[in-house]
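Working notes for the structure below.
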Amino acid sequence: MTDENLGKAFAILQEIKGQWQDNTVNSLGNDPFLVLVSCVLSHRTKDQVTKEATQRLRAVAPTPEDILKISEEELSQIIYPVGFYRRKAKTLRKIAEILINRYQGKVPDDLEELLKLPGVGRKTANLVLTVSFHKPAISVDTHIHRIVNRWGYVETKTPEETEKALREKLPLPYWQIINPLLVLFGQNICLPRQPRCFECPIEAFCEKRGVKN
DNA sequence: AAAACGGGGGC
DNA sequence: GCCCCAGTTTT
């Protein structure tokens, strides 16, 4: 995909994204701790389930202090349907404890510091930076990785390679919108196994129509 | 680079 | 039962 067509593709997707139901990153706001929480819960979990669990948790314990006030059992019960709930509950409590003890209860706005937190990798750290702190960062999950490779915009093997390639190539104005926009696109049209190319509005720009994963 | 980690929900 | 699912850590 050429740079010119990339711009057209982003513009078309921006136009039609209102047709799609809001997902987690598009509906939960910019609070850095809640973005962090939703990312921990989202691991190998359907987005609808992640979204609902994050909303339930926000109603009861929206801050690190609140997380530590409730028991691990109660926390597990709230997030239960996301799966791996024991491990995720432990991770959330550890993160809350570290934020309180080392960062005055605030989420750091620095990549290296974020990556030190347990259960936080590049996808999560970069998403917090871009969504909550409006910093130039690119959060690459499996959706972004799959889509930009199908487009032929990059040719990469892993999400980390994709992040590097996009940092080199992607014009800065798109850094803020690529994740929220392309995750929606990946959930509704450019699906992993059965991409819905027959209803894709940017099919003409895609170099690998119908390629799985 | 690949495997391990370790669960619910839809069908 | 078998498949899917915003990933991170360890080998």
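What's counted below: heavy atoms across the whole structure, side chains too, no hydrogens, waters or symmetry copies. In the text below, chain A, chain B and the rest are named by the order of the sequence lines, each starting its count at 1. Computed from a prediction, not measured in an experiment: that's the story for all the values here.
Distance from the side chain of A/Pro81 is smallest to B/dG8 among C/dC4, C/dT8, B/dG8. Taking the side chain of A/Lys123 as heavy atoms from C-beta on, and the options B/dG7, C/dC5, C/dT8, the nearest nucleotide is C/dT8.
Interatomic distance, OH of A/Tyr174 versus CZ of A/Phe10, reported as 7.0 Å (0.5 Å rounding). Between the CD1 atom of A/Ile147 and the CE atom of A/Met1 there is a distance of 10.5 Å, given to the nearest 0.5 Å. Atoms CZ and NZ, on A/Arg56 and A/Lys51 in that order, are 12.5 Å from each other to the nearest 0.5 Å.
The distance between atom NZ of A/Lys46 and atom C1' of B/dG10, rounded to the nearest whole Å, is 7 Å. Rounding to whole angstrom units, NE2 of residue A/His145 and C1' of C/dC5 are separated by 16 Å. Counting to the nearest Å, the P atom of C/dC5 and the CD1 atom of A/Ile144 are 15 Å from each other. In this structure, the NE2 atom of A/His143 is 12 Å from the C1' atom of C/dC4, given to the nearest Å. Here B/dG7 presents its C1' atom at 11 Å from CD1 of A/Ile79, a figure rounded to the nearest Å. The distance between atom CZ of A/Phe84 and atom C1' of C/dC4, rounded to the nearest whole Å, is 12 Å. The distance between atom CG of A/Leu41 and atom P of B/dG9, rounded to the nearest whole Å, is 14 Å. Spacing between atom CD of A/Glu52 and atom C1' of B/dG9 amounts to 12 Å, rounded to whole angstrom units.
Looking at A/Pro108 and A/Leu99, their side chains come closer than 4.5 Å, going by heavy atoms from C-beta outward. No side-chain heavy atom of A/Ser42 sits under 4.5 Å from any side-chain heavy atom of A/Thr24. Looking at heavy atoms from C-beta onward, A/Tyr153 lies in side-chain contact with A/Leu166 at the 4.5 angstrom threshold.
Between A/Arg87 and B/dC5, a side-chain N or O to OP1/OP2 separation shorter than 4.0 Å is absent. Between A/Tyr80 and the phosphate of B/dG8, there is a side-chain N or O to OP1/OP2 separation shorter than 4.0 Å. Contact annotation: A/Thr124 side-chain N/O to C/dT8 OP1/OP2 distance is under 4.0 Å. Under 4.0 angstrom from either OP1 or OP2 of B/dG7 there lies at least one side-chain N or O belonging to A/Arg86.
Ring geometry for A/Trp20 against A/Phe185 counts as tilted: the plane angle lies between 30° and 60°, on a 0 to 90° scale.
Between A/Lys157 and A/Tyr85, the one whose closest nucleotide on DNA chain B sits nearer the 5' end is A/Lys157.
Of the nucleotides present, B/dG7 is the one that pairs with C/dC5 by Watson-Crick or G-U wobble criteria, both distances under 3.5 Å.
Taking atom C1' in both B/dG8 and C/dT9, one finds a spacing of 22 Å when rounded to whole Å. With both ends at atom P, the span from B/dG6 to C/dT11 equals 12 Å, rounded to whole Å. Taking atom C1' on both nucleotides, C/dC5 is separated from B/dC5 by 15 Å, rounded to a whole Å.
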Short N/O separations, protein against nucleotides 9-11 of chain C, under 3.5 angstrom:
{"from": "C/dT9", "atom 1": "OP1", "to": "A/Gly119", "atom 2": "N", "distance (Å)": "2.9"}

Inset, instruction - Report the C-alpha distance between A/Lys116 and A/Glu113 in whole Å, list the side-chain angles of each, state the deciding distance to 0.1 Å, and finish with yes or no for salt bridge (Lys or Arg N to Asp or Glu O under 4.0 Å). - result: CA-CA 5 Å; A/Lys116 288 180 190 167; A/Glu113 297 302 314; 3.2 Å; yes
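Here A/Thr45 lies in heavy-atom contact (under 4.0 Å) with a base.
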